[in-house]
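Just below is one structure, and these are the notes that go with it.
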There are 2 protein chains.
Amino acid sequence: MPQAASNPAGGVAAASPWDGVAERLRASGLRWTPQRRTLVDVLREHEGHVTATELIARCRERDQTTTPSTVYRTLDVLEDFGLVRHGHGPGGREEYHVLPDQVHGHLYCVACGATWEIRPETGAAIVDALAADLGFDVDLSHVTISGRCQTCRD
Amino acid sequence: MPQAASNPAGGVAAASPWDGVAERLRASGLRWTPQRRTLVDVLREHEGHVTATELIARCRERDQTTTPSTVYRTLDVLEDFGLVRHGHGPGGREEYHVLPDQVHGHLYCVACGATWEIRPETGAAIVDALAADLGFDVDLSHVTISGRCQTCRD
DNA sequence: CACCCTAGCGCAAGACGTTGCAATAGCGCA
DNA sequence: TGCGCTATTGCAACGTCTTGCGCTAGGGTG
Ligand SMILES: [Mn+2]
Ligand SMILES: [Mn+2]
Ligand SMILES: [Zn+2]
Ligand SMILES: [Zn+2]
C-alpha cells in the first residue's frame, strides 16, 4: 500500500480526479447539479477522445431530459478546471480529451479520415518554431493539422 | 510594355487570373452562370482574407437573390481551380484567401483576437517537422493555430 | 430547518455550413 | 437557331454550437 490509499473493504480504488469535482466546484462558488453529475458519470468511463455530440448522446442514455446547451456549458466549466480539454476534428467538430495527461495536437488525413496525436517532440518543435518567430505561445491542445498521411500520398 | 499586354485604348490592364475563369470552367465541362459571375466580380475587388459570410453579403449587394448554398458551392469550385483557398478563423468560421500567392498558415490570439500569417520559414519548419515524424503532408493553408501573442502574454 | 441570493437549467432562436431533391438553364452540337 | 443532356440552382431540413431570458433550485447562513 505504497501510493494508493487503502480502503476499508480491502478493494483498491484508484483515486480519481473526478472524485473531488463536487467539492472543487462548490469551493469556487459553483454548484453541483444532477445534470453535472450525469455528465461526470459519463466522463468517468471515458479515456481519450470523444466528440461533444457523443457525450450528449451518452448523457441522454442516463437521463432522457438532457439538454445540449447544458452539456456544452458544463464542458466549458470542466475545461476551466483542466478535467477535459477540447480540440477540433474534421469539419471543426468539437472533440474532448478526458483527463488529458499531456497536451498534444492532432493530425487529420483528409483522404482516409484517420487521425493521429502529434508526438511530444514534434509538438515541441512546432511550439518552439512559433515562439522563436513572434513570441507566440501556442495552445497545442487546440491544434488540428490536416493534410495527407504517408499511405494516402501513395 | 515588357510584361503586360498593351491594350488598344492605351490603358494598362494587368492580366488578371479572373479573366479566364469562364473559359476555364467551360473547358472542364462546368458552367458559367450569373451567380458565379456575381461571386467572381466580388472576388475581383478583394485581396487577402475574407470570410464566407462577408462574401455572401457582398454578393447580395449586387444580386439580392443570392443564396448561401450556391455561394459555398461556387467557392468550392474556385478552390479546386486554385483561385481561392480557405482556412478557419476564430470560432472555426471559414476564411478565404483570394488569389493566394503562397500558401501560409495563420495564428490567432485568443486573448486579443488578432491574427497573423505564419511566415514562410516558420511554416516550412512545421511542415518539415511533421514530414519527418510520420511522413505527413501538411496542408498549411488550412492551418490555424491559436494561442497567445507576445503582447498578451505580458 | 426555513430563507435568500444567484448559479444553472430548459427553451427558443440564431449563425454557419452541408446536403438531397426537383426544377431550371448553360452550352455543345447538329 | 433549336435540342437535349446534365451541371447548377433554390429550397428546405438538418447538424453543431452559441446566446439571451425567465424560472428553478443549489447551498451558505442564521
Ligand atoms: Mn475551440
Ligand atoms: Mn475547412
Ligand atoms: Zn490517409
Ligand atoms: Zn494577443
Side-chain angles (χ1 to χ4, degrees), chain A residues 20-40 49-60 62-81 84 86-96 110 113 142 144 146, chain B residues 20-40 49-60 62-81 84 86-96 110 113 142 144 146:
Chain A
V21 202
E23 290 68 28
R24 291 183 63 187
L25 288 179
R26 281 194 278 256
S28 303
L30 305 182
R31 293 173 189 175
W32 184 239
T33 67
Q35 294 84 347
R36 290 184 173 173
R37 184 163 145 47
T38 301
L39 176 56
V40 167
H49 312 75
V50 215
T51 64
T53 301
E54 172 153 6
L55 287 173
I56 293 171
R58 298 274 200 215
C59 283
R60 224 190 293 268
R62 300 177 171 248
D63 173 4
Q64 261 247 287
T65 74
T66 299
T67 293
S69 55
T70 297
V71 175
Y72 282 114
R73 285 190 280 229
T74 300
L75 284 168
D76 284 348
V77 171
L78 298 179
E79 188 153 16
D80 288 341
F81 280 81
V84 301
H86 87 274
H88 295 271
R93 252 29 354 108
E94 287 191 340
E95 210 151 88
Y96 282 85
V110 297
H142 202 269
T144 297
S146 55
Chain B
V21 202
E23 291 67 28
R24 292 183 63 187
L25 288 179
R26 281 193 279 256
S28 302
L30 305 182
R31 293 170 189 178
W32 183 238
T33 66
Q35 295 83 348
R36 289 183 175 173
R37 185 164 144 47
T38 301
L39 177 55
V40 167
H49 312 76
V50 215
T51 63
T53 302
E54 171 152 6
L55 287 173
I56 293 171
R58 298 274 200 215
C59 284
R60 223 190 293 268
R62 299 176 172 251
D63 173 4
Q64 260 247 289
T65 73
T66 299
T67 293
S69 56
T70 297
V71 175
Y72 282 114
R73 284 190 281 228
T74 299
L75 284 168
D76 285 348
V77 172
L78 297 180
E79 189 153 14
D80 287 342
F81 280 80
V84 300
H86 86 274
H88 295 271
R93 267 351 30 92
E94 285 190 342
E95 209 151 89
Y96 282 84
V110 296
H142 201 269
T144 297
S146 55

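Order of the sequence lines fixes the chain letters, A, B, ..., with proteins taken first and strands second; residue numbering starts at 1 for each chain. When reading the values below, keep in mind they use all heavy atoms of this one structure, side chains included, and skip hydrogens, waters and symmetry mates.
Nearest heavy atoms, T38(A) versus C59(A): CG2-O, 3.9 Å. In terms of heavy atoms, H88(B) sits closest to T144(B) at O-OG1, 2.5 Å. V71(A) and L39(A) make their closest contact through O-CD2, 4.1 Å (heavy atoms, listed as atom of the first residue, atom of the second, distance). S146(B) approaches V110(B) most closely through the heavy-atom pair CB-CG1, 3.9 Å.
Side chain of T53(A), nearest nucleotide from dT16(D), dG10(D), dG20(D): dT16(D). In the set dT9(D), dC17(D), dG8(C), the nucleotide with an atom closest to the side chain of R36(A) is dG8(C). Listed candidates were dT16(D), dG10(D), dG26(C). Nearest to the side chain of P34(B) is dG26(C).
Distance CD (E95(B)) to C1' (dG17(C)): 15 Å, rounded to an integer number of Å. Y96(B) has its OH atom 14 Å from the P atom of dC16(C), to the nearest Å. The interatomic distance linking I56(A) (CD1) with dC11(C) (P) rounds to 14 Å, in whole Å. Rounding to whole angstrom units, CD of residue Q64(B) and P of dG10(D) are separated by 13 Å. Going from atom CZ of R37(B) over to atom P of dG26(C) covers 13 Å, rounded to whole Å. When the C1' atom of dG8(C) is taken as reference, atom CG of L39(A) falls 14 Å away, rounded to whole Å. Between the C1' atom of dC16(C) and the CD atom of E54(B) lies a distance of 15 Å, rounded to the nearest Å. Spacing between atom CG of D80(A) and atom P of dG8(C) amounts to 11 Å, rounded to whole angstrom units.
A donor-acceptor pair is defined here as one N or O able to donate and one able to accept, closer than 3.5 Å; such a pair exists between the side chain of R60(B) and the backbone of T66(B).
In the interface, the side chain of S69(A) is paired with the base of dC11(C) through a donor and an acceptor atom under 3.5 Å apart.
In this structure, T51(A) and G29(B) both approach DNA chain D, and ranking their closest nucleotides by distance from the 5' end singles out G29(B). Position along DNA chain C of the nearest nucleotide to T66(A) versus D76(B) favours T66(A) as the more 5'-ward residue.
Side-chain nitrogen and oxygen atoms of Y72(B) include none within less than 4.0 Å of the OP1 or OP2 phosphate oxygen of dT18(C). In this structure, Q35(B) does not reach the dA25(C) phosphate: none of its side-chain N or O atoms is under 4.0 Å from OP1 or OP2.
Within 6.0 Å of atom CD in E23(A), more than 12 heavy atoms from other residues, nucleotides or ligands are found, so the atom counts as buried in its surroundings. Taking a 6.0 Å sphere around CZ of R37(A), one finds it holds 12 or fewer heavy atoms contributed by other residues, nucleotides or ligands.
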Set out, line by line, the N/O atom pairs under 3.5 Å between protein and nucleotides 27-30 of chain C.
residue : atom : partner : partner atom : Å
dC27(C) : OP1  : R26(B)  : NH1          : 3.3
dC27(C) : OP1  : W32(B)  : N            : 2.4
dC27(C) : OP2  : R26(B)  : NH1          : 2.9

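Aromatic ring pairs are classed by plane angle as parallel below 30°, tilted from 30° to 60° and perpendicular above 60°; the pair H86(B) and H142(B) is perpendicular.
Across all strands, G91(A) comes closer than 4.0 Å to no nucleic acid atom at all (heavy-atom distances). Residue-level contact check: R73(B) touches the bases, meaning some heavy atom is under 4.0 Å from a base atom.
Nucleotide dA30(C) has dT1(D) as its partner under the Watson-Crick or G-U criteria, with both atom distances under 3.5 Å.
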